[in-house]
Amino acid sequence: MPEQASIHIDDKKVLDCPVVVGTEGDKAIDIAKLRGTTGYITLDPGFGNTGSCKSAITFLDGDKGILRYRGIPIEQLAEKSTFIETSSLLIYGKLPTQKELDNFSSAFNEHSMIHEDMKNFFDAFPSTAHPMAILSAMICSMSAYYPDMIKENPSKEDIDRIAVQLLSKVRTICAFSYKKSIGEPFVYPRHDLMYVPNFLNMMFSSSNRPYKLVDEAVEALKVLLILHADHEQNCSTSTVRLVGSSHANLYASISAGICALWGPLHGGANQAVIEMLEEIKANGGDVSQYVQKAKDKQSGFRLMGFGHRVYKNFDPRAKIIKQKADELLRKMGINDPLLDIAKRLEDAALKDEYFVARKLYPNVDFYSGIILRAIGIPLKMFPVMFAIGRMPGWIAHWKEMIEDPTTKIGRPFQVYVGSPARDYVAIDKRT
Ligand code: SDX
């Protein structure tokens, strides 16, 4: 007999709810009939106890520190795969054959340029514009430049084409926003360079300064993008699914996801971590006072890069990134004082009862900035690096959502706590 949950109100049973069991034994109480049968809704601010959908894309176990894309552990993908291959795995559900990978990869060349008219947008932004503002605007404006792609019921071919467009052009848009910010001419994508080297070349080369690719830096950035590629129903991915559930097009849905990612509690944390480490360094490098400050609720300060809604153990990505950061700095002969401060901060926090009791560990953002700094990525570009990495995950979830015939428009309820009914009062009678 399959498990079921029964809801009693006072001593009266009002509903029997089936229990849904996932591949790895994860369980959920299906309350789909609750409001229609009882008139009650559930209340769960932040959705800490609520599943929004069934998904076959990513599995993570926060207690065991497990993360798998389509069943494959990220540790294996980080070591053996490429970002394009991992993107194909996430979007299409299996590792591509050589022919499939060649076709997917060559389509990136076809779609690496942005419409020449879109370059005018960059002239309209101030050079100080945050690259996440530019990225979100540019991605949404792709719907104006590729209007034939905006259909309420896009075909498989349409979705395939937009997916490659977004994956390929996101690099170009981000690199162009950097060039705009430093007043240098844009460097166009090249067909002879793979995904990561192409991005780095667009970022750092110029007509009078060829960019020398450093293998270790290319490898470290490849690993970073793979590790950021998906993370099930996080804030930005849930945003992409919610916007897409209204049948908004994929460009608009991804643009909304970029905005959600920007927040310092989410993808903006990688920039906030470095700002925090810089402040600790400027104040003499004493990490203990910052650990104390993070424990003081009145301070409004949080240890950025620490804690996670799901992981109550080490974020498996943070472990790999920390090791890659050590490796890259050693191979490049870089001595970054912020890495030493980060390690001391981690050590101090993990010995402190406040963090231990709340199971607060370093997350994906804690060490990623060390790698980005070593490569030469400017601080304000850190969140867009997260967006480039997360692009395949956003696309995969949007595609899964739009192809699921049971998908309905996302529309949660609320508990109203405002004013009871009252009449309009003329302005001369108001107090
Ligand atoms: C990402 O969801 C995902 O999967 C996200 C992500 C992905 O790949 O998409 O993994 C990427 O966004 C990683 C998180 C990046 N953000 C940060 O590093 C910002 C700092 N971290 C926190 O703000 C916080 O930990 C969150 C936002 C990550 C999680 O917040 P929760 O789950 O809502 O936890 P909470 O705020 O309820 O905290 C529980 C307790 C509270 O204390 P008490 O009320 O129990 O006394 O832990 C404390 C919090 O005050 N706490 C922290 C803390 N994080 C939580 N205290 C100090 N420093 C912190 N960083």
Side-chain angles (χ1 to χ4, degrees), residues 55-60 66-112 156-157 159-172 174-175 189-202 213-232 237 240 250 254 316-317 319-321 323-324 327-328 364 368 371 375 384-400 403:
S55 177
I57 297 168
T58 288
F59 171 73
L60 61 91
I66 293 171
L67 177 55
R68 302 184 195 129
Y69 297 160
R70 298 289 188 179
I72 302 176
I74 49 148
E75 293 78 5
Q76 295 180 29
L77 292 167
E79 187 193 336
K80 300 172 182 169
S81 188
T82 64
F83 181 59
I84 289 188
E85 183 181 70
T86 295
S87 299
S88 179
L89 168 69
L90 284 166
I91 295 170
Y92 297 107
K94 68 176 190 63
L95 287 169
T97 61
Q98 187 61 58
K99 187 168 183 310
E100 288 165 338
L101 185 59
D102 293 345
N103 291 339
F104 192 54
S105 192
S106 61
F108 277 66
N109 282 335
E110 182 195 340
H111 293 290
S112 58
K156 181 191 170 315
E157 292 68 29
I159 295 175
D160 291 349
R161 178 185 156 106
I162 299 176
V164 174
Q165 265 189 345
L166 288 165
L167 287 163
S168 190
K169 293 182 194 314
V170 68
R171 291 175 293 182
T172 311
C174 294
R190 285 172 32 184
H191 286 194
D192 61 326
L193 292 177
M194 296 302 284
Y195 195 89
V196 170
N198 219 339
F199 169 71
L200 292 173
N201 188 61
M202 284 191 277
L213 286 163
V214 174
D215 291 347
E216 292 82 6
V218 172
E219 170 64 15
L221 186 50
K222 177 213 83 171
V223 170
L224 218 44
L225 294 180
I226 288 175
L227 294 177
H228 283 77
D230 192 49
H231 213 240
E232 54 132 281
T237 300
V240 170
L250 182 49
I254 297 285
R317 301 167 295 177
K319 274 187 192 169
I320 300 171
I321 293 170
Q323 179 207 343
K324 272 291 169 194
E327 216 177 272
L328 180 64
V364 68
S368 57
I371 290 178
I375 294 172
V384 296
M385 297 310 299
F386 197 140
I388 294 175
R390 188 51 53 90
M391 191 61 78
W394 285 333
I395 293 166
H397 280 274
W398 190 91
K399 182 172 183 288
E400 182 179 68
E403 290 176 348

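Listed by chain and residue number, Y92, K156, K399 satisfy the side chain to side chain contact (heavy atoms under 4.5 Å, CB included) test with D160 (two or more places apart in sequence, or in another chain). Considering only residues two or more places apart in sequence or on other chains, E75 meets the side chain to side chain contact (heavy atoms under 4.5 Å, CB included) condition with P73, P316, I320. A search for side chain to side chain contact (heavy atoms under 4.5 Å, CB included) contacts involving K80 returns nothing, not counting sequence neighbours. In terms of the salt bridge (Lys or Arg N to Asp or Glu O under 4.0 Å) criterion, residue partners of E400 (sequence neighbours excluded) are, by chain and number, R241. Residues passing the ring-ring contact (aromatic ring centres under 6.0 Å, His included) test with H231, sequence neighbours excluded: H308, Y311. Among residues two or more places apart in sequence or in another chain, the ring-ring contact (aromatic ring centres under 6.0 Å, His included) test is passed with F59 by none. For T86, the side chain to side chain contact (heavy atoms under 4.5 Å, CB included) test picks out Y69, L77, S81, L90, I226, A229, with sequence neighbours left out. Considering only residues two or more places apart in sequence or on other chains, R70 meets the salt bridge (Lys or Arg N to Asp or Glu O under 4.0 Å) condition with none of them. Partners of F199 under the ring-ring contact (aromatic ring centres under 6.0 Å, His included) rule, at least two apart in sequence or in another chain, do not exist in this structure.
Applying the salt bridge (Lys or Arg N to Asp or Glu O under 4.0 Å) test to pairs two or more places apart or on separate chains, those with a residue in residues 219-230 are E219-K222, E219-K324. Among residue pairs with one or both ends in residues 384-398, none qualify as salt bridge (Lys or Arg N to Asp or Glu O under 4.0 Å); sequence neighbours excluded. Legend: salt bridge (Lys or Arg N to Asp or Glu O under 4.0 Å) pairs involving residues 89-107, not counting sequence neighbours, sorted by first then second residue: K94-E100.
Y195 places a side-chain N or O within 3.5 Å of a backbone atom of L167 that can act as its donor or acceptor partner. A donor-acceptor contact shorter than 3.5 Å is absent between the side chain of S168 and the backbone of Q165.
To the nearest 0.5 Å, atom SG of residue C174 and atom CD1 of residue I388 are 4.0 Å apart.
Tested against I375, the residues L224, L221, V218, V196 include a single side-chain contact (heavy atoms from CB on, under 4.5 Å) partner, L221.
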